[in-house]
Amino acid sequence: MNLESPKVNVTKSPQEVFNFLEDIKNFETLMPENISKFEVLDNDKFLFALKGMPEIILKKKEVIPPNKIILGAAGGKLDFSLIGNIVETADGNSEVQLQFSGDFNPMMAMMIKGPITKFIETLASNMPKSI
């Protein structure tokens with residue numbers, strides 16, 4: 001299953017956006033309002049939970065400065081990645097798009113597609129005012 005957020009424009013350079021996303025504690029400011037838990041577990045790992053959903057642990061898997069950061073599931077039964085793509089625009093600002101990629105059975109995919117789509121859209125839409 002592959003989902004993409006809308007592209008958002010951020011009035012910062014790709015390096016500034018990358019630096020913000022690389023510091024995982026900053027993800028707390030991007031989270032939706034219905035977050036019930038956020039905890040930094042390590043320099044490259046954090047746990048979060050949304051109301052009515054199980055806790056999810058994300059770990060920094062790969063960084064390609066200043067254009068890409070990949071977070072992946074750390075433990076649990078679901079294997080997925082959250083990828084942040086950062087592209088410089090003509091005016092020196094950035095365009096950011098989040099991608100969610102996971103391998104799920106059809107029933108699970110059907111159940112989580114809506115909530116995950118809304119989640120990555122919220123993360124992306126919170127970026128311009130958070131960075």
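In the hydrophobic clustering (ILVMFWY side chains linked at under 4.5 Å, chained through shared members), Val87 stands by itself.
Summarising the geometry, atom CG belonging to Asn26 is positioned 8.0 Å from atom CG belonging to Leu21; distances are rounded to the nearest 0.5 Å. In this structure, OG1 on Thr122 lies 11.0 Å from CE on Met127, to the nearest 0.5 angstrom.
Two residues are said to be in side-chain contact when any heavy atoms from C-beta on lie closer than 4.5 Å; Asp103 and Phe80 fail this criterion. Taking the side chain as every heavy atom from C-beta outward, Ile69 and Val63 approach each other to under 4.5 Å. The shortest distance between side-chain heavy atoms of Pro32 and Leu50 falls below 4.5 Å. Between Lys7 and Val96 the shortest side-chain heavy-atom distance does not fall below 4.5 Å. Residues Glu95 and Ile86 are not in side-chain contact: their nearest non-hydrogen atoms beyond the backbone lie 4.5 Å or more apart. The closest side-chain heavy-atom distance from Ser13 to Glu16 is below 4.5 Å.
Applying the ring-ring contact (aromatic ring centres under 6.0 Å, His included) test to Phe18 and every residue at least two apart in sequence or in another chain returns nothing. Contacts of Phe20 classified as ring-ring contact (aromatic ring centres under 6.0 Å, His included), with partners at least two apart in sequence or in another chain: none. Scanning for side-chain contact (heavy atoms from CB on, under 4.5 Å) contacts around Lys37 gives Glu39, Leu47, Ala49, Glu55, with sequence neighbours left out. For Asn67, the side-chain contact (heavy atoms from CB on, under 4.5 Å) criterion is met by no residue, not counting sequence neighbours.
Note on Ile56: it does not cluster hydrophobically with Ile83, by side-chain heavy-atom contacts below 4.5 Å among ILVMFWY residues. Note: the hydrophobic cluster containing Ile116 does not contain Ile70 (ILVMFWY, side chain heavy atoms under 4.5 Å, direct or indirect links).
Side-chain contact of Thr11 with Asn93: a donor-acceptor pair under 3.5 Å is absent, judged by distance alone. Asn85 and Gln99 share a donor-acceptor pair across their side chains, judged by distance under 3.5 Å alone.
Heavy atoms only, all atoms of each residue included: Asn126 and Met31 are closest at ND2-O, 3.5 Å. Closest approach of Phe48 and Ile35 over heavy atoms only: CB-CD1, 4.3 Å. When all heavy atoms are compared, the tightest approach of Leu3 to Thr117 is CD1-OG1, 3.5 Å.
Counting only residues at least two apart or in different chains, salt bridge (charged side-chain N to carboxylate O under 4.0 Å, His left out) contacts with residues 57-71 comprise Asp44-Lys59.
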